[in-house]
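Worksheet for the structure shown next.
All values below were derived from every heavy atom in this structure, side-chain atoms included, with hydrogens, water molecules and symmetry-related copies excluded. Here is the naming used below: chain letters follow the sequence lines, and residue numbers restart at 1 for every chain.
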2 protein chains.
Amino acid sequence: MARRRKDLAPEDLLETRKKIVATAHRLFMELGYRAVSTRVIAEACGLTQPALYHHFADKQELYLEVIREILAKNGQALERIRQREEPLEQRLRRAAAYLLLHAPPNMNIMFHDMRHELDEASRAAVHEWFRQGFVGPLASLFGEGQREGRLRGLEEGGADPFSSAFLLLSISRSMLSTDLDKDKTGEGLDGQREQAALERAALIVDILLHGMVRRTGENAG
Amino acid sequence: MARRRKDLAPEDLLETRKKIVATAHRLFMELGYRAVSTRVIAEACGLTQPALYHHFADKQELYLEVIREILAKNGQALERIRQREEPLEQRLRRAAAYLLLHAPPNMNIMFHDMRHELDEASRAAVHEWFRQGFVGPLASLFGEGQREGRLRGLEEGGADPFSSAFLLLSISRSMLSTDLDKDKTGEGLDGQREQAALERAALIVDILLHGMVRRTGENAG
DNA sequence: CCTACCGATCGGTAGG
DNA sequence: CCTACCGATCGGTAGG
């Protein structure tokens, strides 16, 4: 016979928690911390607002869980790309394509919320997740390129690996446009989105590595 | 004898309005639209909250005035840089330095607020101010470079002038760091800030034009 | 997991 | 330009 609501199994509790996190993820990333009320989150999950406080101590803790999940997932994917046995430029293209498709489209909102809505301890934690988990793999790629002499080092007018990683991140975000938008979630369009992202990524990496200046003579390509 | 409060001169009205706009400018750009209450703005001006509604119909209209002023001022400065009789690269460096020092440090917050807090008509207006007034002069610089054959055109793997302008904008914002922060407003430090911005701008434009790849042979710098 | 409720704060209005 | 006030909404708690 069906379980009464009172004695929920632990799996159901976990299911509810996952649903809350997924819903909060979607809303926080689209609208920002302040613009998303706990009531809206709860109702989108089929719950009343006080029920959220059974799973999370407060709104900030739910937000932190969302951020942690995003940064961990992105960081792991970028680390897998870094470890591929492919030329540096190809891995950079894959990383850029991944960022176009899967990174939070409005990462600056995330930073803004971190700065103004989190207490000092949480802010420090997120900063560490971001720097190590997320930017780390990208910075390693650029560091590798510099050590192998492919990329300009600091003494040759280049940027340090972390700044380079930020640069790739910013450029990718600035090159996001509607044709890569997640909302166009038609089944067969996923392949098209990925194809478009790969082409965009190739352009981004080409400009980042070789610049906008027109090449004359042997360097043209 | 002193004027009674009841019959304020038009100049005083204008002064108060200017003060409101300047205060709102500072707060909106730092904290975003929603996070700044009309009460906080009013009290920072030495007024009560309902007094704001004598100068602006509602909060959104005040926000629009702030945005309009920022984009117009930035756009005019960039247009003056574009018209200078200097090599393209030098003008790009000046533009990047200007963006580092004077552009809204959190332009993505501005975009986010536009998207989610303004009605359709206002959003369209701001979009036009941004595209024509602000990005226009930058795009013209890149268009000039492409016409003169200095920069890669679309058919050579380059980006169109507007995308190029966005790129310069994003890179400049991603290269903002604390040593260029406006809050360090010590008198004699203004020169240092400008010097630091010019150096940063040179690095930005160098990477944007020539890329991160290490040059071997005659192209080395 | 719910109902019922708290104090605080929001943007905006009435009326002078 | 002020005092006084409105309805709506916020994050969070009490108690079951």
Side-chain angles (χ1 to χ4, degrees), chain A residues 2-24 27-28 30-67 113-114 116-119 122, chain B residues 2-24 27-28 30-67 113-114 116-119 122:
Chain A
R3 269 198 306 274
R4 282 170 34 238
R5 302 211 69 167
K6 295 281 183 146
D7 51 355
L8 293 170
E11 314 92 66
D12 293 339
L13 263 180
L14 246 176
E15 277 307 302
T16 303
R17 188 190 154 95
K18 275 191 196 168
K19 188 174 203 170
I20 293 171
V21 173
T23 304
L27 291 169
F28 280 142
E30 185 189 345
L31 302 169
Y33 185 78
R34 266 179 118 91
V36 177
S37 74
T38 51
R39 276 168 180 82
V40 166
I41 297 173
E43 278 156 27
C45 298
L47 302 171
T48 58
Q49 180 246 10
L52 291 188
Y53 292 80
H54 179 66
H55 300 271
F56 299 92
D58 54 22
K59 187 184 180 185
Q60 176 181 301
E61 194 176 278
L62 170 56
Y63 183 69
L64 277 177
E65 174 61 17
V66 168
I67 299 295
D113 288 338
M114 275 176 56
H116 294 102
E117 315 283 354
L118 302 186
D119 57 44
S122 308
Chain B
R3 267 198 307 274
R4 283 169 35 238
R5 301 211 70 167
K6 296 283 184 144
D7 51 353
L8 294 171
E11 314 92 66
D12 295 338
L13 264 179
L14 247 177
E15 278 306 303
T16 303
R17 188 190 154 96
K18 275 190 195 169
K19 188 174 204 171
I20 293 171
V21 173
T23 304
L27 290 169
F28 280 141
E30 185 188 346
L31 302 169
Y33 184 79
R34 267 177 116 93
V36 176
S37 73
T38 51
R39 276 169 181 81
V40 166
I41 297 172
E43 278 155 27
C45 298
L47 302 171
T48 57
Q49 180 246 11
L52 291 187
Y53 292 81
H54 179 65
H55 300 271
F56 299 93
D58 54 23
K59 188 185 179 185
Q60 175 180 302
E61 194 177 278
L62 170 56
Y63 182 71
L64 277 177
E65 174 60 17
V66 167
I67 299 296
D113 288 338
M114 274 176 56
H116 293 102
E117 316 282 354
L118 302 186
D119 58 42
S122 308

Using the six-membered ring wherever Trp is involved, compare the ring planes of A:Tyr63 and A:Phe28 and label them parallel, tilted or perpendicular (cut-offs 30° and 60°). perpendicular
Which sits closer to the 5' end of DNA chain C, A:Arg17 or B:Arg34, going by the nucleotide each is nearest to? A:Arg17
Which listed nucleotide (D:dC1, C:dC2, D:dG11) is nearest to the side chain of A:Tyr53? D:dG11
From C-beta outward on A:Ala51, which listed nucleotide comes closest to its side chain: C:dG11, D:dT3, C:dC2? C:dC2
When you measure from the side-chain N and O atoms of A:Ser37 to the phosphate of D:dT9, is any distance below 4.0 Å, counting only OP1 and OP2? no
D:dC1, C:dG11, C:dC5: which one has an atom nearest the side-chain heavy atoms of B:Arg39? C:dG11
Closest approach of A:Gln60 and A:Asp119, non-hydrogen atoms and distance? NE2-OD2, 2.9 Å
Does A:Thr16 put a side-chain nitrogen or oxygen below 4.0 Å from OP1 or OP2 of C:dC1? yes
Going from CG on B:Leu62 to CD on B:Glu65, what distance comes out if it is rounded to the nearest 0.5 angstrom? 8.0 Å
Close side-chain approach of B:Leu52 and B:Lys59, heavy atoms under 4.5 Å: no
Which nucleotide sits closest to the side chain of A:Pro50: D:dG11, D:dC1, D:dA14? D:dA14
Identity of whatever pairs with C:dT9 - Watson-Crick or G-U, under 3.5 angstrom: D:dA8
Give a yes/no on whether any side-chain N or O of B:Thr48 is located under 4.0 angstrom from OP1 or OP2 of D:dC1. no
Pairing check on D:dG16: which nucleotide meets the Watson-Crick or G-U wobble criteria with it, both distances under 3.5 Å? C:dC1
If only side-chain N and O atoms of B:His54 are considered, is one of them under 4.0 Å from the OP1 or OP2 phosphate oxygen of D:dC2? no
